[in-house]
Enquirer: 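Take a look at this one; I'll ask things after.
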Amino acid sequence: MKVIEGNLTASGMKIGLVVGRFNSFVVDHLVAGAIDTVVRHGGSAENITKVMVPGAFEIPLAVNKLAQSGEFDAIVAIGAVIRGGTPHFDYVAGECVKGIGQVQLQTGVPVSFGVLTVDSIEQAIERSGTKAGNKGVECTLAAIEMVNVLKQI
């Protein structure tokens, strides 16, 4: 049986970070975790391109442009959508995840989903570096691993 499994070595990888500015008090921690993860796994901060967009709804368009450029091994989408009292959350979060998934399948470039979709500010804080870990770290690890998996297929 042949098993294909990626490793977590980011050496030489070009990573695009697409970051929604909305809820920056949480997002900034996710970005710091993503950058630190690339560097800790042998990558270089100089090989990271950070694209800032207004919010989560705009992330898929910027992800698509980066993926189509052919310059990136992987893209990490980072943002935070916090549920409020209206259905706005459902529309923004749903379109963000759907758009990112489409880009990944259409371009073959790994796109990792680091957009928090949470019910409260407390949950967002927990997932940006406190008791629930840092989801920016976790999704960046997934992106690195997927680059290495795809190299073997």
Side-chain angles (χ1 to χ4, degrees), residues 6-67 69 71-104 107 109-150:
N7 61 50
L8 296 175
T9 303
S11 180
M13 282 187 194
K14 294 197 175 208
I15 306 288
L17 296 180
V18 177
V19 180
R21 282 192 312 266
F22 204 77
N23 293 316
S24 63
F25 68 96
V26 170
V27 171
D28 291 347
H29 295 284
L30 300 173
V31 171
I35 294 168
D36 183 62
T37 299
V38 171
V39 172
R40 284 181 184 263
H41 288 84
S44 169
E46 289 77 37
N47 284 342
I48 299 171
T49 299
K50 181 169 74 169
V51 177
M52 302 297 294
V53 298
F57 190 79
E58 293 79 20
I59 289 173
L61 179 59
V63 165
N64 189 45
K65 289 295 256 186
L66 289 183
S69 76
E71 295 180 26
F72 298 92
D73 296 300
I75 300 164
V76 178
I78 296 178
V81 185
I82 302 171
R83 187 178 300 277
T86 68
H88 183 74
F89 169 91
D90 298 311
Y91 299 123
V92 171
E95 290 303 311
C96 182
V97 72
K98 183 170 68 173
I100 289 170
Q102 287 175 350
V103 170
Q104 181 171 239
T107 65
V109 176
V111 181
S112 193
F113 189 74
V115 179
L116 299 180
T117 54
V118 295
D119 290 324
S120 68
I121 291 172
E122 292 77 20
Q123 287 178 349
I125 292 168
E126 288 172 1
R127 287 159 178 76
S128 65
T130 61
K131 70 182 183 179
N134 184 314
K135 300 308 176 188
V137 170
E138 292 175 20
C139 70
T140 303
L141 288 171
I144 293 167
E145 184 173 350
M146 282 305 297
V147 170
N148 291 316
V149 164
L150 294 176

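We're numbering straight along the sequence, starting at 1. If you're wondering where the values come from, they're calculated on a predicted model, not measured in any experiment.
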Enquirer: Of the non-hydrogen atoms in Ile59 and Ala77, which two are nearest, and what is the gap between them?
Expert: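 Minimum heavy-atom separation between Ile59 and Ala77: CG2-CB, 3.7 Å.
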Enquirer: Any donor and acceptor pair, going by atom type alone, linking the side chain of Asn134 with main-chain N or O of Val137 inside 3.5 Å?
Expert: yes
Enquirer: Would you sort out whether Leu17 and Ile35 count as a side chain to side chain contact (heavy atoms under 4.5 Å, CB included), showing the intermediate values?
Expert: CA-CA 9 Å; Leu17 296 180; Ile35 294 168; 3.8 Å; yes
Enquirer: Distance from Leu30 atom CG to Arg127 atom CZ, nearest 0.5 Å?
Expert: 11.5 Å
Enquirer: Is any side-chain heavy atom of Pro110 less than 4.5 Å from a side-chain heavy atom of Leu150?
Expert: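 The answer is yes; the side chains approach within 4.5 Å.
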Enquirer: Could you state the interatomic distance from CD1 (Ile100) to CZ (Phe113), rounded to the nearest 0.5 Å?
Expert: 5.0 Å
Enquirer: So, taking the atom named CG in Asp36 and the one named NE2 in His41, what distance separates them when rounded to the nearest 0.5 Å?
Expert: 9.5 Å
Enquirer: More than 12 heavy atoms of other residues, nucleotides or ligands under 6.0 Å from OH of Tyr91: yes or no?
Expert: no
Enquirer: Determine the sole option in Asp28, Val27, Leu116 for which the side chain to side chain contact (heavy atoms under 4.5 Å, CB included) test with Ile78 is passed.
Expert: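 Filter result, single survivor: Val27.
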Enquirer: Do side-chain atoms of Thr9 reach the backbone of Ser11 as a donor and acceptor pair under 3.5 angstrom?
Expert: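 Not at all, since once roles are kept as given, no pair shorter than 3.5 Å links the two residues.
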Enquirer: Of all heavy-atom pairs between Ala74 and Val109, which one has the smallest distance, and what is that distance?
Expert: CA-CG1, 4.1 Å
Enquirer: Could you state the interatomic distance from OG1 (Thr37) to CG (Leu8), rounded to the nearest 0.5 Å?
Expert: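 Spacing of OG1 (Thr37) from CG (Leu8) equals 10.0 Å.
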Enquirer: Does the side chain of Gln102 come within less than 4.5 Å of Asn64's, by heavy atoms?
Expert: no
Enquirer: Could you report the tightest heavy-atom contact between Val51 and Ala62, atom names first, then the distance?
Expert: CG1-CB, 4.2 Å
Enquirer: Is the backbone of Gly55 close enough, under 3.5 Å, to the side chain of Glu58 for a donor and an acceptor to pair up by distance?
Expert: yes
Enquirer: Give a yes or no on whether the backbone of Lys14 and the side-chain of Asp73 come within a donor-acceptor separation of less than 3.5 Å.
Expert: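 A pair under 3.5 Å: yes.
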Enquirer: Do you know the tightest heavy-atom contact between Ala143 and Val76?
Expert: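 Heavy atoms only, the tightest pair is CB-CG2, 3.9 Å.
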Enquirer: Measuring from Glu122:CD to Ile82:CD1, what's the distance to the nearest 0.5 Å?
Expert: 9.0 Å
Enquirer: Which pair of heavy atoms, one from Ile144 and one from Val38, lies closest together, and at what distance?
Expert: CD1-CA, 4.4 Å
Enquirer: Would you name the heavy atoms of Thr140 and Ser112 that are closest together and state the gap between them?
Expert: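 That closest heavy-atom pairing would be N-OG, 4.4 Å.
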Enquirer: Do Lys50 and Val19 have side chains that approach each other closer than 4.5 Å (heavy atoms only, starting at C-beta)?
Expert: yes
Enquirer: Just how far is it from atom CZ of Phe89 to atom OG1 of Thr117, taken to the nearest 0.5 Å?
Expert: 5.0 Å
Enquirer: Could you tell me if the side chain of Val115 sits less than 4.5 Å from the side chain of Lys135, heavy atoms only?
Expert: no
Enquirer: Return yes when atom CZ of Arg21 has more than 12 non-hydrogen atoms of other residues, nucleotides or ligands closer than 6.0 Å, and no otherwise.
Expert: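 More than 12 within 6.0 Å, yes.
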